[in-house]
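One structure is given below, encoded as structure tokens.
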Amino acid sequence: MDWVFISATLIAAIRAGTPILYATIGEIFAERAGVLNLGVEGMMLMGAVSGFIVGLKTGSPWVGALAAMLVGGLMSLIHAFVSITLRGDQVVSGLALTLFGSGLSALVGKPYVGVPGVRFTAWKIPLLSRIPFLGEVLFQRDPLVYFSFLLFPLAWYFIFKTRPGLHLRAVGEDPATADAAGINVFKLRYLYTFIGGMLAGLGGATISLSYTPGWIEGMTAGRGWIAVGLVIFAFWDPLRAALGSYLFGGVNSLQFGLQTKGVTIPIYFLQMMPYLFTILVLIFATQERVRRRVGAPAALGIPYVRGER
Amino acid sequence: MTVEDMKVGRGGFPWRIRVEQRLVRPRWVSAIVPVLSIVLGLLTGALLIWANGVDPVAAYVAMAKGAFGSKYALGETLVKTIPLILAGLGVSLAFRMQLWNIGAEGQLHMGAIAAGGIALFLPQKFPQIQPWMWLVIITAAGFAAGALWALIPGALKAYLNVNEIITTLMLNYVAILWVDYLVNVPWKDPASLGFPLTAVFPRELWLPRTPGLFFLTPRHRVHLGLLFGIIAAILLYVFVTRSKWGFEVDVIGRNQKAARYAGMRIARNVLIVMAISGGLAGVAGMAEVMGIIHRLQHQISPGYGYTAIIIAWLAKLHPLVLPVVAFLFGALLVAGDQLQISMGLPVAVSFILQGLILFFVLGGEILSYYTLRIERVSS
């Protein structure tokens, strides 16, 4: 076997999968609380552009990433207000957020197109990074990748094994009962929509500060939508989200791998693969869901009105 | 009925404001929401433009001039209105059934591919066929290509219940990449100096211009697609409001369970609606390349398919209101081009305005069901 090729592909899969993983976990939090936010693409773009600009101005990718999280969170509050407080249609509101975010990021980022900025650099973890093969693949990455390694198991533990996680799920499954049990449905929905926005923003910043450093208009190229699709594939479970994201990253990076191997498929078809892959994955996930009877959070997309059943 | 009190009357103030749900919403309220939304959207947009160091007044003046300032400008606004009407009608039909076809952009590209492929290669093989017949064939092909592209997510939805939002959206990217492939590799014009373009279509196949209406300059670019759009709007109106099928679509959209109990065939209707929806977007793409661009190239559409979604929503899915809204958004797109030409702002700025307007419509819709009442506190 060609170990160099395999490790290069795995590394590329992790790098390409990380931005999506953040966005997917963020959307899982929002949807678990019953809020469908289709604005992920817009929030990621705003995260990418603000992370890049703030990183450039402060000279620190860390400050940039934090700014991206804040901006992503603020963007999500628009959707939260329209869909939770005003009870507007969540599909349309999310679409509006994506349009708004892609327009605003283009406007804000206009002077920064092609400008060299800051980026996260790789940290070699002592000892671990020297494990043959695995060390190179897993432990010579940058901090955003390490943080995502920590995030997905923690998110899983939080959602399924803790009391606040139980409240989160309750709010998305049966808000009326949760309300009766003394859980503040509105507060939690706002909170998790905001967290979802922060993670989408961070996902965007992972692109502009780590994966392909720099800013180009529309640079997320549909990854926000792919994340929304992966949430369904993941059955709203962060562990499966990680699996899906890295699979996606693998498919995404395979195109470069194939090119270096001299496979002469026109690049356009290779570029189609992630989108087709998302559709394929969605088909299988939908079938599996029927078989295993895993449903979406029961109150997903439905505004909660006190006193109405 | 829920009544929420906002107690402004603390501390012995004898009046308070009550927020009350309206039982009946007066007509003027539902008419004013879209208008007010557009105004508020433009105002908020002005703030954002200003925050980015551009004079919003100058920007809006440039936009207004670009969209309405001359007979030529008006013509250009109509030119952009054409694909928006067609794609918007398609999207609105799907939305009636709560079928979230977000894929008009891709369906439009497929319509353009089919039209372009025929226009580039077939006429020289069949010289006996008259140009007007090609017009019919190409229009039908545009419709068919958009319909087939929409039937992929349609069938996945109808038979496997796969979420159509994601699949229609993913196929947008795939369709655009197909166009990019064709114009870069097999259909590329050898004389294009490396640009991603096909050869120009034979002149006799171009969609004819409309006759010189009084408000247009002689060199206007408004083409027959406008007629297609208007006919489609009228047909759709008749079908949606007057036919049994239109009734079924509405019932399925409002309550799938009830529709199922009434014996309506949901899967079949999903397929029909997706096909027509995508077909109309395909005609939009066909009209754009046969009437305006006259070749295939990288970038056929400035997001017509996405703008169509907003138009459908703003028009409340009404086929006869939709062309009017499409005209306003056509103006917005032309204005966006103007911003790029005269002030160097990215075209995507019009997406900011579109998104904002949509937010205000959504919020306004809800708020318009409430009314403020100031009343005396009885103590």
Side-chain angles (χ1 to χ4, degrees), chain A residues 36 38-39 41-42 78-79 81-83 85-89 91-111 113 217-218 221-222 225-226 228-230 232 266-269 271-272 274-279 282-283 285-287 289-290 305-308, chain B residues 2 45 48-49 51-54 95 98 100 102 152-153 156 160-163 165-167 169-182 184-186 303 306-307 309-310 313 336 344-367:
Chain A
L36 175 69
L38 297 183
E41 179 81 358
I78 306 176
H79 178 70
F81 180 70
V82 172
S83 62
T85 304
L86 296 182
R87 300 169 211 148
D89 190 295
V91 173
V92 181
S93 169
L95 280 171
L97 191 63
T98 286
L99 284 171
F100 177 67
S102 51
L104 189 58
S105 61
L107 177 65
V108 173
K110 175 85 176 157
V113 175
E217 190 180 326
W225 291 105
I226 290 172
V228 177
L230 284 183
I232 300 172
I267 180 168
Y268 311 97
F269 295 111
Q271 287 174 345
M272 286 176 197
Y275 308 114
L276 295 174
F277 168 76
T278 306
I279 293 176
L282 212 56
I283 296 171
T286 309
Q287 295 314 97
R289 255 175 70 196
V290 174
V305 187
R306 252 198 169 162
E308 263 180 29
Chain B
T2 55
L48 289 172
I49 291 172
N52 276 278
V54 179
F95 284 9
Q98 295 276 322
W100 297 105
I102 317 292
I152 302 171
L156 288 175
L160 300 175
N161 201 23
V162 178
N163 184 314
I165 299 177
I166 310 294
T167 49
L169 213 119
M170 291 293 110
L171 287 176
N172 286 346
Y173 291 95
V174 176
I176 292 169
L177 282 165
W178 263 108
V179 171
D180 282 351
Y181 164 68
L182 292 171
N184 274 292
V185 188
Y306 298 107
T307 306
I309 296 164
I310 301 175
W313 197 258
L345 292 175
V347 184
V349 168
S350 74
F351 278 149
I352 301 183
L353 299 177
Q354 293 179 28
L356 285 170
I357 292 169
L358 204 48
F359 279 131
F360 282 112
V361 176
L362 270 177
E365 274 293 298
I366 311 297
L367 288 180

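The figures here come from the full heavy-atom set of this structure, side chains too, leaving out hydrogens, waters and symmetry mates. Owing to the predicted nature of the structure, the values given are computational and were not obtained by experimental measurement. So you know, we letter chains A, B, ... as the sequences are listed, proteins then strands, and number each from 1.
Of the residues considered (Val174(B), Asn161(B), Leu48(B)), Val174(B) shows the highest number of contacts with chain A, using heavy-atom pairs under 4.5 Å. Interface summary for chain A: among Leu358(B), Leu362(B), Leu171(B), Leu345(B), the most heavy-atom pairs under 4.5 angstrom belong to Leu362(B).
Atom-to-atom distance recorded for Ile165(B):CD1 and Trp225(A):CH2 is 7.0 Å, nearest 0.5 angstrom. To the nearest 0.5 Å, atom CG of residue Asp89(A) and atom CD of residue Gln98(B) are 7.0 Å apart. Atoms CD1 and CG, on Ile279(A) and Leu156(B) in that order, are 7.5 Å from each other to the nearest 0.5 Å. A distance of 7.5 Å separates OG1 in Thr286(A) from CG in Asn163(B), rounded to the nearest 0.5 Å. Separation of atoms CZ (Phe359(B)) and NE2 (His79(A)) is listed at 8.5 Å; rounding is to 0.5 Å.
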> Does the side-chain contact (heavy atoms from CB on, under 4.5 Å) test come out yes or no for Met272(A) and Trp178(B), once each step is laid out?
Replying inline: CA-CA 9 Å; Met272(A) 286 176 197; Trp178(B) 263 108; 3.6 Å; yes

>> Let's go through Trp100(B) and Val92(A) carefully: what are the C-alpha distance in whole Å and the side-chain angles of both, what is the deciding distance for side-chain contact (heavy atoms from CB on, under 4.5 Å) to 0.1 Å, and is it a yes or a no?
In response: CA-CA 10 Å; Trp100(B) 297 105; Val92(A) 181; 4.1 Å; yes

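Counting all heavy atoms, side chain and backbone alike, Thr278(A) lies closest to Ile166(B) at CG2-CG2, 4.2 Å. Counting all heavy atoms, side chain and backbone alike, Pro346(B) lies closest to Ala106(A) at CG-O, 3.4 Å. Considering all non-hydrogen atoms of both residues, Gly222(A) and Met170(B) come closest at O-CE, 4.2 Å.
Taking the ring centroids of Phe100(A) and Phe351(B), they lie at or beyond the 6.0 Å cut-off.
Contact of Ala221(A) with chain B is made through the backbone alone, with heavy-atom distances under 4.5 Å. Only the side chain of Gln287(A) comes within less than 4.5 Å of a heavy atom of chain B; its backbone N, CA, C and O stay farther away. Proximity to chain B involves both the backbone and the side chain of Val108(A), based on heavy atoms less than 4.5 angstrom apart.
Checked options Asn184(B), Ile176(B), Val179(B); the residue passing with Tyr268(A) is Asn184(B) (criterion: side chain to side chain contact (heavy atoms under 4.5 Å, CB included)).
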